[in-house]
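The chains referred to below are lettered A, B, ... by the order of the sequence lines, with proteins before strands, and numbering in each begins at 1.
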Amino acid sequence: GAVVSQHPSWVICKSGTSVKIECRSLDFQATTMFWYRQFPKQSLMLMATSNEGSKATYEQGVEKDKFLINHASLTLSTLTVTSAHPEDSSFYICSARDLTDYNSPLHFGNGTRLTVT
Amino acid sequence: EDKVVQSPLSLVVHEGDTVTLNCSYEVTNFRSLLWYKQEKKAPTFLFMLTSSGIEKKSGRLSSILDKKELFSILNITATQTGDSAVYLCAVDSNSGYALNFGKGTSLLVTP
């Protein structure tokens, strides 16, 4: 089945630095990928929809200048957390679906646990 | 606004018990309802339901959808400690293919 690879699986960074997270679809092309964030004991919250070759669509309350999304190819989307602060510490998960298969479910990467010190 | 509500939010059972997890939804342009299991990492896919009344089954897990009453249940029979996880219900509403998730049910199966 469809596989989504996310890297790194965890990262610790200092406040004020930037962190890039990569999301790849391994055996299918994804014109659209989704970035979710999950705080402890809470559900997944959609941050943004990443569209190949165009600008991402951000959900209300998500700062587009802070969470930079680039979707330069059909198999790769990146999320950069710029000038990270401790409140950005969270579990970030990307997802994608194979749009050639109408009935395919959304598949998730393994997530990136970000800790900002 | 689309809404997905899961109940209970948490549950503790003994090994061997049967559990039923609930998910109700209000969405426009319903396309499908999905169940995921989340342990320490990202969610893993369990079931996708699109039609009412057709039970999907995988081992000890089964799920069914009622599109008239707008809910789904996930059943787990003969629970095992390995079933301990958060079970997420999500609805696909055709709005850009992103899923709308419920808050999840945290299940703990004790030996």
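- Ranked by heavy-atom pairs under 4.5 Å with chain A, the first of Ala90(B), Gly102(B), Ser106(B) is Gly102(B).
- Of all residues in residues 38-47 of chain A, those placing a non-hydrogen atom less than 4.5 angstrom from a non-hydrogen atom of chain B are Gln38(A), Ser43(A), Leu44(A), Leu46(A).
- Listed here is the closest heavy atom pair of Arg24(A) and Leu76(A): CG-CD1, 3.7 Å.
- Between the side chains of Thr20(B) and Asn75(B), at least one donor N or O lies within less than 3.5 Å of an accepting N or O.
- Only the side chain of Gln38(B) has a heavy atom closer than 4.5 Å to any heavy atom of chain A.
- Checking side-chain atoms of Tyr58(A) against main-chain N and O of Phe67(A) turns up a donor-acceptor pair under 3.5 Å.
- Residue contact with chain A, scored on non-hydrogen atoms closer than 4.5 Å, involves the backbone and the side chain of Phe101(B) alike.
- With hydrogens and angles ignored, the 3.5 Å screen pairs a side-chain donor or acceptor of Ser52(B) with a backbone N or O of Lys67(B).
- Panel note: side chain Thr112(A), backbone Trp10(A); no donor-acceptor pair is recorded below 3.5 Å.
- Within 6.0 Å of NZ in Lys57(B) there are more than 12 heavy atoms belonging to other residues, nucleotides or ligands.
- Annotation for Ser15(A) and His85(A): closest pair OG-ND1, 3.6 Å, computed over non-hydrogen atoms.
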